Undergrad: 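Have a look at the structure that comes next, please.
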Amino acid sequence: MASNPQLHLMTKLLNIEGMTVKSYQIIKNIGITIYLNNNNKKAICPDCGQKTDKLHQNHYYVVRDLPFGEQKVYLQVNRRQMRCEGCPKKFSEDLEFVKKTRTYTERLKKKILSELLASDLKNVAQRNGVSEQEIETMLKEWGKELTGQKPSGLKRLGIDEIALVKGQKNYCVVLVDLDKKIIVGMVKNRTQVEIKKYLEAWGEEVLEQIEEVSIDMWKPYKNVSEALMPQA
Ligand SMILES: [Zn+2]
């Protein structure tokens, strides 16, 4: 059993809000498994918005998190099934750091997506011990989250491509904030019309701020950039 000061330190190092480390296990050549406790006793009912602390049942499962040095990190999460006293419905609670039905934390997703900008799907998957399919899911999810959002403070824009399935001509066009190294937009179809539409949706305010555009030599990217961001 780990001592309290040790668990306190682990909780601090892990740094996930609302979560406490209750124990952990280091298995050689496999990684670290960290068992978590949720500090929030109450959860909000998605139907009526009432808070409840009535537990229906515990649901324990394991997800991947950011590595610690060269070790893989697995988190055992308890996504409790709660019972609402208002409706009265049963529901599975929301956890900010890991979405429902996902096998990875939100922060691992962000790390992997940013690595993808400097490498390819296969390498990033290998390095992080996730499958290429999982990365594609991460990309799709991120694309959805970005819909309707405008990037703030974007000065240097990169237009890049990510090859999705190996050996196939299946590309996803990503718009990148080169300073923050994050994907700020995603266009499903690699056509000039689609890219232009996506950029125009950001509005002039955003486009005018862009000082530099970095593209590969594909002509349509150049055309779009010149048309929408002549200053860059
Ligand atoms: Zn309810």
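Keep in mind that what you see is a predicted model, and the values were worked out from it rather than measured. Along the sequence shown, residues are numbered consecutively beginning with 1. Counting starts at 1 for both ligands and their atoms, following the listed order.
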Undergrad: If we ignore angles and hydrogens, is there a donor and acceptor under 3.5 Å between the side chains of Asn39 and Thr20?
TA: yes
Undergrad: Take Arg64 and Thr103, measure what side chain to side chain contact (heavy atoms under 4.5 Å, CB included) needs, and give me the verdict at the end.
TA: CA-CA 6 Å; Arg64 285 287 308 280; Thr103 52; over 6 Å; no
Undergrad: Short of 2.8 Å from the Zn ion (ligand 1), name each protein N/O/S atom, waters not counted.
TA: Cys45 SG, Cys48 SG, Cys84 SG, Cys87 SG
Undergrad: For Glu141 and Arg102: C-alpha separation, side-chain torsions, deciding distance, then whether salt bridge (Lys or Arg N to Asp or Glu O under 4.0 Å) applies.
TA: CA-CA 11 Å; Glu141 223 182 277; Arg102 295 291 175 253; 2.3 Å; yes
Undergrad: Knowing that exactly one of Lys22, Gln76, Gln25 qualifies, which makes a side-chain hydrogen bond (donor to acceptor under 3.5 Å, both in side chains) with Tyr35?
TA: Gln25
Undergrad: Give me the one residue out of Glu134, Glu115, Glu145 that meets salt bridge (charged side-chain N to carboxylate O under 4.0 Å, His left out) with Lys109.
TA: Glu145
Undergrad: Taking side-chain hydrogen bond (donor to acceptor under 3.5 Å, both in side chains) as the definition, give me every residue that meets it alongside Asn15, ordered by chain and number, with sequence neighbours left out.
TA: none
